[in-house]
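Chain A is the first sequence line, chain B the second, and so forth, proteins listed ahead of strands; every chain is numbered from 1. Keep in mind the model is a prediction, meaning the values are calculated, not measured.
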Amino acid sequence: MELISDSDDGDTSEWETDEDDGDERPPLNPPLPSASVAGPSQKVSEASSSRPDLVLHFMAMGFSEDMVVKAIEENGEGNTEAILETLLTHSAIGISPLKREQSPVDCTLSSDEDVLGDDLSDMSNFEYSSEDEEYTVECSDKDRKLSILIDMGFPADEASSAITRCGPTAPVLEIADSIHAAQLAAESALTEDDLFPSWSEDKPMASYACGSSVKNKRKYYEMKKMNERGCFLDRKKACFRQANMGDGFPSGSSIPKPMIGFSLPNQKMKPVNRMLPEAAIGPPYFYYENVALAPKGVWETISRFLYDIEPEFVDSKFFCAANRKRGYVHNLPIQNRFPLQPLPPRTVQEALPMTKKWWPTWDHRTQLNCLQTCIASAKLTERIRSALVNSEDPPPERVQRFVMNECKKWNLVWVGLHKVAPLEPDEMEMLLGFPRDHTRGGGISRTERYRSLGNSFQVDTVAYHLSVLKEMFPNGINLLSLFSGIGGAEVALNRLGIHLRNVVSVELSEINRNIIRGWWEQTNQTGNLIEIADVQHLNGDKLEQMINMFGGFDLVIGGSPCNNLAGSNRYSRDGLEGKESALFYDYFRILDLVKNIMGKSF
DNA sequence: AGAAGTATGAGGGCAACG
DNA sequence: CGTTGCCCTCATACTTCT
C-alpha cells in the first residue's frame, strides 16, 4: 500500500549544491510546488472517485476515457479481453501519443568532498567465518550429486541433465563420465537452443517477418507501425496484445532448470552467445529484475516490452546460502563476469555457524528458502518446541514432517535444543550481501527492516552480472536507479569498485530513501545523489534535463514491485496489471524515454 | 497511531507414476 | 499423456499491544 500511495511523504525539496567533480553541475531551478500541476498519477486518482475500476484499468494503460467507456458499452463489463481488442482495433487507426505533462520535481541533491572510500574498508563488513569443520549434511540425492559435480568443475546444467540421464542411483563417477561423453559428442553441435530450449524454440523475432498466418500479419503490421511511430503507447499495446495472444513465445514457456542464468562464477560453462535485437542495444545499459515464478505470461510480456530480450533466470542459491529465484532482463555483455570477493558462504551452517551445534541430523537443509518480508510468529516456534520436547530423541516421522514443513515455510534456523527461530534482520542483511546494519537505526522499525530486506536484491548475484561494467567505465558511471529499495544496485556497484558519479535514485518509501542516503554518506561517496520519491513524477522533461546535465545515463537499473506477482500473496496476485506491479510499465516508459532522448542527442 | 503479532492458501513447477 | 503428490513462494488483512 505504501508503494502506491501518492503522498509525497513530506519531501523537503531542496537542492543542496556542493563542490564536486567540476564538470557536471546540477541546475539551480527550484522545484515546483507539489500541488501546482497534476501529474499522471494524480489524474488517475482524481478519476477514481467518479469512474469504476475497469475504466481506470484501461485508462492506466493509456487509453482515453471516452474510448474505454465506449468499448465497455460495446462488449459488456465482463469481457475484458474483448474490450481490449476493441480498444486496440480503434487505436490502431491512430491516436495521439501520451502527452508529456509537467510535474513537480521532488528531489534533493547532495555531494561530498571526501575522498572515495577504499573498497576494502567496506569489505570489512563481510567477515564470513569459514570454519572448516566437517559438517556432513544429507540433502536430496540429486542435489548432493549435483553439488559434488559442480565442485568438480562441471557446468551445473550439464551435470543436472547427466544425473537425469544416468538415473538417480548412478554413482557420481559414472555421471561424470557421462558428462564427458556428452561434451565430446556435442563438441561442435551444441547450440544455444540446447541450453535454453523453451525460450528459443519458437524464434519469435523471425516470425514477424514471415506473415503466413493472419496473426502474424497483424503482428507484422503492428511492428511496422511501431517502428514508424516509435512511441511508448504503441509499443505497450503491441506488446500487450502479442503477449496475450500467446503466439510469440511458446504457451508453456518454462524456466530453465537448474536456474543458473547464462553463467555462474568459477564454472566453465558452455559460453552463451546471445544476439541482442537491434532495439535492445544500448546506450544506456539496463537491468531489470523481478520474481521468476510470476503468474503465467508475465515474463513473456516483460520480455516483449524490454526489446525481446530473453530473461536470465538465476537462483541466488548459487551465490549465497539462501534460495532467491529471480528473472533478469538486461542488455549487458555476458562475457568476463567476475564475482564479488570474498565469496559468501553457500550453506546455512557456514553462514550461521552458531546454528551448527543445534542442527538435528534429520533436518537435511543446507540452504534456506527465499527470504521474504514476514517472519514466523512466536506461537509457531513454541508449538515446534513443544512438539519436540514431548517426543523421543529422533522424533517420530509425523513430528519430523510437521517441524520440517514449518521450518522450510518460515526459514527457521536452530538456535537451541528443540528451539527454532526466524532469521534476525542482520542475518538477512548478511545473506543478501549488504553491509552489517545497513538497514538498522535511523528510525526504522524491525518490521520495516524485514519488509525492506525481503524486497531487496541479492547483492552478489546482481553484482556478478554488473561486474562487466567495471572495465568499461573506469571513471565511473551515471546511474538511474528505479525502485531503488534499500539500494541493492548501488551497494553492488560500490562493492565492485565502480565509482558512482551521478546517481538518480527513485524510491517511494521515505524509510528506504533514508537508508540509501545513510549508506551514501557513510561510504564517503564523492558523486551526486539525487533522490526522487515517485516514479510517476519522472517525466520526459525532467529526464532530458538530467541527461543533458550528466551527459546521459550509463545504466538504468531497477526491480519493479512484485506484490501482485509473488506466490506468497493470497489476496491480490493479479499479475502485471495489478496495482503495484503495473509500475513495470513505468520502468519501461522511463527506460524508453532515456533511450530516445539519448539517441537523439548523443 | 504505529509497531508487533498472528492467521490466512492458491498457483504452478516438477517428478514419479500408470 | 493425464494423475497424483510434493514442494516453494521479494505478501496481505486483521488483531493486539504499547
Rounded to whole angstrom units, what separation is found between the [atom1] atom of [X] and the [atom2] atom of [N]?
| X | N | atom1 | atom2 | value |
| --- | --- | --- | --- | --- |
| A/L508 | C/dC10 | CG | C1' | 17 Å |
| A/R449 | B/dG2 | CZ | P | 21 Å |
| A/L293 | B/dG11 | CG | C1' | 10 Å |
| A/R570 | C/dT9 | CZ | C1' | 10 Å |
| A/E406 | C/dC6 | CD | C1' | 15 Å |
| A/N411 | C/dC10 | CG | P | 12 Å |
| A/N405 | C/dC6 | CG | P | 10 Å |
| A/R573 | C/dA11 | CZ | P | 11 Å |

Base, sugar-phosphate, or nothing: which does [X] touch, judged by heavy atoms less than 4.0 Å apart?
| X | value |
| --- | --- |
| A/S560 | base |
| A/A376 | nothing |
| A/R324 | base |

Given [options], identify the nucleotide with an atom nearest to the side chain of [X].
| X | options | value |
| --- | --- | --- |
| A/K408 | C/dC10, C/dC8, B/dA3 | C/dC8 |
| A/C370 | B/dA7, C/dA11, C/dT9 | C/dT9 |
| A/K379 | B/dA7, C/dC10, C/dC8 | B/dA7 |
| A/R383 | C/dT12, B/dA4, B/dA7 | B/dA7 |
| A/K325 | C/dT12, B/dG12, C/dC8 | C/dC8 |

**OP:** State whether A/R385 and A/E382 are salt-bridged, where the test is any N-O pair (Lys NZ or Arg NE/NH1/NH2 against Asp/Glu carboxylate O) under 4.0 Å.
**Re:** yes
- Query: Taking 4.0 angstrom as the limit, do A/E424 and A/R449 come out as a salt bridge?
  - Reply: no
Sorted by position of nearest nucleotide on DNA chain C, 5' first, the leading residue of A/C374 and A/N323 is A/N323
Parallel, tilted or perpendicular: which describes the rings of A/Y287 and A/H465, with under 30° parallel and over 60° perpendicular? tilted
Over 60° means perpendicular and under 30° means parallel, so classify the ring planes of A/W519 and A/H438, tilted if in between.
-> perpendicular
*Take atom C1' in C/dC8 and the same atom in B/dG9, then report the distance between them in whole Å.*
13 Å
Taking the P atom of each, how far is C/dC10 from B/dA7, in whole Å?
23 Å
Paired to B/dG9 by Watson-Crick or G-U wobble criteria (both distances under 3.5 Å) is none
Using Watson-Crick geometry (N1-N3 plus N6-O4 or O6-N4) or G-U wobble (N1-O2, O6-N3), each under 3.5 Å, C/dC10 is paired with none
Ignoring backbone atoms, establish whether [X] has a side-chain N or O less than 4.0 Å from OP1 or OP2 of [N].
| X | N | result |
| --- | --- | --- |
| A/N369 | C/dC8 | yes |
| A/T373 | C/dA11 | yes |
| A/T447 | B/dA4 | yes |
| A/S445 | B/dA4 | yes |
| A/Q372 | C/dC10 | no |

*asked:* A side-chain contact here means heavy atoms from C-beta on lying under 4.5 Å apart; do A/P422 and A/L412 qualify?
replied: yes
Between the base of C/dC10 and the side chain of A/R451, is there any donor-acceptor pair under 3.5 Å? no
Notebook entry, point to check: So A/R274 and A/E310, salt bridge (Lys or Arg N to Asp or Glu O under 4.0 Å) or not? Walk me through it.
Noted result: CA-CA 9 Å; A/R274 69 165 181 172; A/E310 171 189 333; over 6 Å; no
The answer to which of A/S568 and A/I444 contacts DNA chain B further toward the 5' end, by nearest nucleotide, is A/I444
Judged by nearest nucleotide, the residue sitting upstream toward the 5' end of DNA chain B, A/P295 or A/N569, is A/N569
Given ring-ring contact (aromatic ring centres under 6.0 Å, His included), test A/F588 with A/Y288 step by step and report yes or no. CA-CA 9 Å; A/F588 168 73; A/Y288 175 81; over 10 Å; no
